[in-house]
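Written out below as structure tokens is the structure these notes cover.
The structure displayed is predicted, hence computed values, not measured ones.
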There are 2 protein chains.
Amino acid sequence: MKFYDCGPAPSPKRVRMFIAEKGLSIPVVEVDLRSGGQFNEAFRKLNPWCTVPVLELDDGTAISEAIACCRYLEAAYPEPALMGRTAREQGVIAMWEHRCESDGFLAAGEAFRNQTPAFKTRALPGADDFPQIPALVERGKARVQSFFKWLDARLGESAFVAGPEFTVADITAFISIEFAGWLKLKLPDDHTHAKRWYEAVASRPSAKV
Amino acid sequence: MKFYDCGPAPSPKRVRMFIAEKGLSIPVVEVDLRSGGQFNEAFRKLNPWCTVPVLELDDGTAISEAIACCRYLEAAYPEPALMGRTAREQGVIAMWEHRCESDGFLAAGEAFRNQTPAFKTRALPGADDFPQIPALVERGKARVQSFFKWLDARLGESAFVAGPEFTVADITAFISIEFAGWLKLKLPDDHTHAKRWYEAVASRPSAKV
């Protein structure tokens with residue numbers, strides 16, 4: 001197995017952190033997104049969406065999309081469970097993970113990609129070019145603030161995002177907050193529950209990968 | 001268990017179709033989105049995101065987000081498998097499902113909600129109001145056309161979206177195309193592979209629920 005990664009990018013870090021939590025060691029192929037490495041022919045053949053992360057299995061199967069890479073790894077390496085054991089846990093964790101992706105990760109991406117000059121024609125990830133839409137900067141930032149708010153409320157009633165244990169939902173939430181930092185958006189000081197949780201997650205070895 | 005549904009809406013139909021493919025019968029609570037039923041106090045308590053679908057389990061647990069409802073049902077009722085058996089299958093299916101959601105379902109939603117007068121202040125689903133951004137109508141429609149194109153290419157090499165068997169990825173793709181129909185966008189006639197697949201899926205009893 002190989003893991004196609006890009007050190008500075010938020011999306012592959014979701015999987016890198018998941019790999020670290022599983023205690024796995026997977027050979028890494030670094031894709032330089034800044035020089036357009038995701039658009040070269042060999043990589044495009046592996047993943048026509050021209051995105052990282054990608055897991056390439058030993059039989060040549062390529063799995064892209066962060067949550068799908070995690071799903072593969074969870075099934076192949078069940079311990080420690082990061083996506084739930086019972087049906088109820090699996091559903092609840094998938095719900096919180098999806099909420100974090102929609103309200104946190106995609107919102108930060110919306111603001112960042114529509115704001116940053118280097119993404120002038122690359123306002124969405126993927127193979128197709130789309131021009132920036134300036135109104136999405138403000139909307140994305142507002143959505144991130146709303147994400148911060150509900151995350152704080154949730155962490156006032158739960159040790160981790162999806163329940164009493166650390167799961168993939170914590171990874172998506174944590175990386176979303178790191179990504180929001182690129183926009184100079186930080187958890188407000190009065191979001192004490194989210195800040196307590198954030199410090200705890202940041203101190204895990206997996207957060208430093 | 002109860003299933004909070006809304007007959008005309010695309011998102012809960014993803015789960016309704018999944019339930020039908022599993023051969024399950026789950027009592028339905030209809031939420032009238034057109035009169036704002038998702039914002040009343042009782043429903044907001046069940047799902048503060050004010051969206052359908054929601055599965056309410058017998059212990060009171062509420063699971064929202066279409067893919068999370070499917071995940072619960074897949075784990076609780078494994079047959080027939082719609083999200084893969086082996087780790088490889090599970091990863092590949094999750095990848096295609098997520099691509100269909102991003103490029104198909106969210107793209108159609110982006111165009112539809114930013115275009116339709118009734119959604120003037122409701123350009124995103126969820127509890128928060130966001131004003132329409134007219135530029136997203138054109139972008140959403142372009143993304144749907146791109147989705148049609150890759151779907152056709154994919155179905156030229158595979159019987160179903162994620163491989164040789166019908167899976168949750170076919171449901172998300174199918175509902176995305178139905179949703180795109182609200183925008184008067186249809187699979188072009190020369191997309192013969194996608195059209196063959198679409199007719200086959202449309203003829204399944206689950207497509208008519």
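Summarising the geometry, atom CG belonging to B/L136 is positioned 4.5 Å from atom CD1 belonging to A/I133; distances are rounded to the nearest 0.5 Å. Between A/K149 atom NZ and B/D128 atom CG the span is 8.5 Å, to the nearest 0.5 Å. The line from OG of B/S102 to CG of A/L106 is 7.0 Å long, rounded to the nearest 0.5 Å.
Put simply, of B/E97, B/M83, B/M95, B/R99, the one with the most heavy-atom pairs under 4.5 Å next to chain A is B/R99. Across B/G91, B/G126, B/S146, B/P131, the residue that shares the most heavy-atom pairs under 4.5 angstrom with chain A is B/G91.
Within residues 156-180 of chain B, no residue has any heavy atom less than 4.5 Å from a heavy atom of chain A. Among residues 62-75 of chain B, the residues having any heavy atom closer than 4.5 Å to a heavy atom of chain A are, in sequence order, B/A62, B/I63, B/S64, B/E65, B/I67, B/A68, B/R71, B/Y72, B/A75.
For CD of A/E138, the number of neighbouring non-hydrogen atoms (other residues, nucleotides, ligands) closer than 6.0 Å is 12 at most. The 12-atom threshold is exceeded at CD of B/E79, counting heavy atoms of other residues, nucleotides or ligands nearer than 6.0 Å. More than 12 heavy atoms of other residues, nucleotides or ligands sit less than 6.0 Å from atom NZ of A/K195.
The shortest side-chain heavy-atom distance between A/R143 and B/L124 falls under the 4.5 Å cut-off. Side-chain contact between B/T61 and A/E89 is absent, with no heavy-atom pair separated by less than 4.5 Å.
In this structure, chain A has no heavy atom under 4.5 Å from any part of B/I93. Interface residue B/E101: only side-chain heavy atoms are found under 4.5 Å from chain A.
In summary, B/R88 and A/D59 engage in a salt bridge, as defined by a charged side-chain N under 4.0 Å from a carboxylate O.
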